[in-house]
Amino acid sequence: MDWPVLGPVVDVVRGRFVPPEPDVPAPVFDGPAESFVDMPPVDRGLKAYDAWEGDGPPPLGSEPALVLPLPGREADPERLSAAAGRLIDGGREARLGPYRLVTDVAPGALIEHLDVITSQVERVYAERYGLTPVGEAKETLVLFREESGYRAVQAEWGRIRDLASVAHTGYGMVVFYVGDLDPAVVGHTLLHELTHLLNRRSLGPALPPWLDEGIADDLAAARLDGEGRLHVADLSHGKIEYENRVELRGGLAGLDLLLVTQREGRAVPLGVLVRLEWGPFVGGPRSRLHYAESALLVRFLVRPTVRRQAFLGYLESVSRGESVAASTLEDRLGASWEEIEGAWRAFLLQQALESGLSSRLVGQPGQVTK
């Protein structure tokens, strides 16, 4: 495999970047104590049910029967009424960008911040992924001031009642809350869910999880400035320092988590990741790792290299109803997933060096610098 010239640290870690064999089950991931991914759990596949109108189970999995863009969907009146009934004092109606908003959060800085996010996301999405969503945004955003209101709605949606989510998408709605969450987390949460709506309008429902969640987390892990403007080339970052550890937040936390698991030989090979069904992808203690890997894989593929054109060509073909299978993308990239993994891991190394996380690669103790 060809490795870029990234400094002497490459020679130290090169041997650690040999991917495990795809047919060997990876050990259960517990996650390092000092690292977590501060990206919210999401709707866990509800989008596929949202679009399916046939008989029997909806088309889930890595090669679904239905992948075509669908126009924006009006909120289901009964479910919207039930959700609005949980808002304090009945809530109020407003707009966030092109979307209808129903909320009991008072007008102010947070709503203004979310409006900037919602107003730009469709343009940024089209520029980054080369896709134009069909039709107009018609969904309704339901934002709760208190977590209790959100949990009550979650309990009424059978398929997600037991999930530790902070937001979910379905039936023409995005439902989320503020509670005691940091405003930045609320903004990134909304970004993630809006991207799912745009995936539905640009590619279709029932996408393989690495693609649907990877695109959603690629945007949600990008940096938002104080005005709510999205800087897609930069990973969001933050940290909380405790007496004996540092907890990373945002997109940088996902990179850190992935570096640690790769160093310890516990990462999931790309050839396995891109073929995971919804259940294994979102279930169990390894789900955070799957999300982090998918987001960084998408980030790797959309970089301005020859791979970008191949990836955008793949997305465009999927939007026309052609195969979304992992083998189709492999053919377009002109390399096996094992070969792609080598270049991807070199990309992660470069990201680590640029982000001040290089100590993670060689197991050296030390403070995170960014």
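Keep in mind that the numbers below use all heavy atoms, side chains included, and drop hydrogens, waters and symmetry copies. What you see is a predicted model; the values in this text were computed from it and never measured.
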- request: Report yes if the distance between the aromatic ring centroids of His192 and His188 is under 6.0 Å, otherwise no.
  value: no
- prompt: Taking the six-membered ring for Trp, are Trp210 and Phe311 parallel (under 30°), tilted (30 to 60°) or perpendicular (over 60°)?
  reply: tilted
Pairs of donor and acceptor atoms involving the side chains of residues 296-304, under 3.5 Å and at least two apart or interchain, shall be tabulated with distances.
unit_1, atom_1, unit_2, atom_2, d
Arg299, NE, Asp218, OD1, 3.2
Arg299, NH1, Val232, O, 2.9
Arg299, NH2, Asp218, O, 3.1
Arg299, NH2, Asp218, OD1, 3.3
Arg299, NH2, Val232, O, 3.2

- request: Look at the rings of Trp278 and Phe281 and say which category their plane angle falls in: under 30° parallel, 30 to 60° tilted, over 60° perpendicular.
  value: perpendicular
- request: Answer with yes or no whether the side chains of Glu322 and Thr328 bring together a donor and an acceptor at under 3.5 Å.
  value: no
Extract all donor-acceptor atom pairs below 3.5 Å that involve side chains of residues 109-119 and protein atoms in other chains or at least two apart in sequence.
unit_1, atom_1, unit_2, atom_2, d
Asp115, OD1, Gly97, N, 2.8
Thr118, OG1, Leu114, O, 2.4
Ser119, OG, Asp115, O, 2.7

field: Side chain to side chain, Glu293 and Trp344, heavy atoms closer than 4.5 Å
entry: yes
query: So, Gln154 side chain and His168 main chain: donor-acceptor pair closer than 3.5 Å or not?
result: no
task: Provide the closest heavy-atom pair for Leu255 versus Ala352 in the form atom of the first, atom of the second, distance.
output: CD2-N, 4.1 Å
message: Using modelled atom types and a 3.5 Å cut-off, is there a donor and acceptor pairing between side-chain atoms of Arg275 and backbone atoms of Gly271?
response: yes
- prompt: Does the Asp104 side chain pair with the main chain of Arg145, one donor and one acceptor, at a distance under 3.5 Å?
  reply: yes
query: Is Arg79 close enough and on-axis enough to Tyr171, meaning under 6.0 Å and within 45°, for cation-pi?
result: yes
field: Distance (rounded to the nearest 0.5 Å) between Glu193 CD and Leu198 CG
entry: 11.5 Å
query: At what distance, to the nearest 0.5 angstrom, does CD of Glu338 lie from CG of Leu270?
result: 9.0 Å
field: Nearest-0.5 Å distance, CG of residue Leu211 to CG of residue Leu203
entry: 6.0 Å
- request: Give the minimum heavy-atom separation between Glu127 and Arg308, together with the two atoms involved.
  value: O-NH2, 3.3 Å
field: Atom pair CZ (Arg307) and CD1 (Ile340), whose distance is rounded to the nearest 0.5 Å
entry: 8.0 Å
Heavy atoms from other residues, nucleotides or ligands near CD of Glu136 exceed 12 (cutoff 6.0 Å): no
